[in-house]
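What follows is a single structure, written as structure tokens, with notes after it.
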Amino acid sequence: MKRVAIAVGAVALVAVVVVGLSQAGGGGGGEGKSAGGACGKVPARLAGAPKPLADLHEQGCELLGGGATAFKARLAALKGYPVVVNQWASWCGPCRAEFPHFQKLSVTMGKRVAFLAVDFQDNDGDAAAFLKRYPIAYPSYTDGDGTLSQVFNGVGPLPKTIFYSAGGKLEYIHVGQYRDEAALRRDISRYAGA
């Protein structure tokens with residue numbers, strides 16, 4: 001009888017762990033270590049960026065509304081610069097794992113490449129807390145109902161990275177987590193031309 005109770009307890013513990021991981025967005029990533037600075041402070045390396053890019057840096061960590069209309073207007077304002085869009089959510093484990101790559105490269109490349117983000121079907125409070133923990137030098141557009149993501153056919157699994165050429169053409173959508181910074185850098189070079 002004691003063995004049965006131990007076996008039942010072990011199975012229950014495994015079930016609790018599996019459910020907890022799935023609800024936390026666990027399938028493939030875990031926590032990335034933050035590589036960012038602080039929200040509200042433009043990194044010194046981005047000083048002297050062209051105005052359209054400097055405007056992004058001034059909105060680092062901000063959650064912007066306005067939906068598809070505001071997002072399209074921002075893309076139009078960034079014409080002449082390659083654009084990298086990271087679609088993420090605070091509840092997405094693989095998003096958390098890859099976020100430090102975006103933090104680093106947005107500072108390293110941010111004087112010639114525009115970085116934007118789309119916070120997909122998330123709670124604004126959770127998203128703001130996430131950005132405080134993982135600060136970025138560019139804004140995130142909120143997309144609670146998924147309509148903004150339709151601009152780039154981004155409805156579906158997270159994370160996604162969308163690459164636009166300097167001419168404003170959608171070049172490529174990468175579905176899934178970037179496991180390392182080098183792979184993201186290669187795709188930025190290949191698809192955004194930077």
Distance, nearest 0.5 Å, that separates [atom1] of [X] from [atom2] of [Y]:
X      : Y      : atom1 : atom2 : result
Phe71  : Leu116 : CZ    : CG    : 5.5 Å
Arg133 : Arg96  : CZ    : CZ    : 8.0 Å
His101 : Asp180 : NE2   : CG    : 6.0 Å
Lys169 : Tyr164 : NZ    : OH    : 12.0 Å
Lys104 : Ile136 : NZ    : CD1   : 15.5 Å
Leu131 : Asp124 : CG    : CG    : 10.5 Å

Between Ser90 and Asp122, does any side-chain donor sit less than 3.5 Å from a side-chain acceptor? yes

Are side-chain heavy atoms of [X] and [Y] found at a separation under 4.5 Å?
X      : Y      : result
Pro139 : Arg74  : yes
Ser149 : Gln87  : yes
Val118 : Phe152 : yes
Glu98  : Pro159 : yes
Lys160 : Val85  : no
Phe163 : Leu170 : no
Asp119 : Tyr141 : no
Asp187 : Tyr172 : yes

Distance-minimising heavy-atom pair for [X] and [Y]:
X      : Y      : value
Cys39  : Lys132 : SG-CA, 4.2 Å
Ala47  : Lys111 : O-NZ, 3.0 Å
Val84  : Val113 : CG2-CG1, 3.8 Å
Leu78  : Ala114 : CD1-CB, 3.8 Å
Leu148 : Asp143 : N-OD1, 3.0 Å
His57  : Val42  : O-CG2, 3.5 Å

May I ask you to decide if the ring planes of His174 and Tyr178 are parallel, tilted or perpendicular, using 30° and 60° as cut-offs?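 Plane angle under 30°, so parallel.
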
Following the transitive rule for hydrophobic clusters with a side-chain heavy-atom cut-off under 4.5 Å over Ile, Leu, Val, Met, Phe, Trp and Tyr, establish whether [X] and [Y] coincide in one cluster.
X      : Y      : value
Phe99  : Leu184 : yes
Leu46  : Leu105 : no
Val83  : Met109 : no
Val151 : Ile173 : yes

As a quick check of understanding, evaluate ring pair (Phe, Tyr, Trp, His ring centres under 6.0 Å) for Phe120 and Trp88, giving each step before the final call. CA-CA 6 Å; Phe120 183 70; Trp88 65 279; over 10 Å; no

Could you go through the side chain to side chain contact (heavy atoms under 4.5 Å, CB included) check for Tyr138 and Leu53 one step at a time? CA-CA 9 Å; Tyr138 52 93; Leu53 302 181; over 6 Å; no

Does Thr142 use its side chain to pair, donor to acceptor, with the backbone of Gly144 at less than 3.5 Å? no

Got a donor-acceptor contact below 3.5 angstrom from the Ser106 side chain to the Phe102 backbone? yes

Distance flag, aromatic centroids of Phe130 and Trp91, threshold under 6.0 Å: no

Verdict with supporting geometry, Phe115 and Ile188, side chain to side chain contact (heavy atoms under 4.5 Å, CB included): CA-CA 11 Å; Phe115 285 81; Ile188 291 171; 3.9 Å; yes

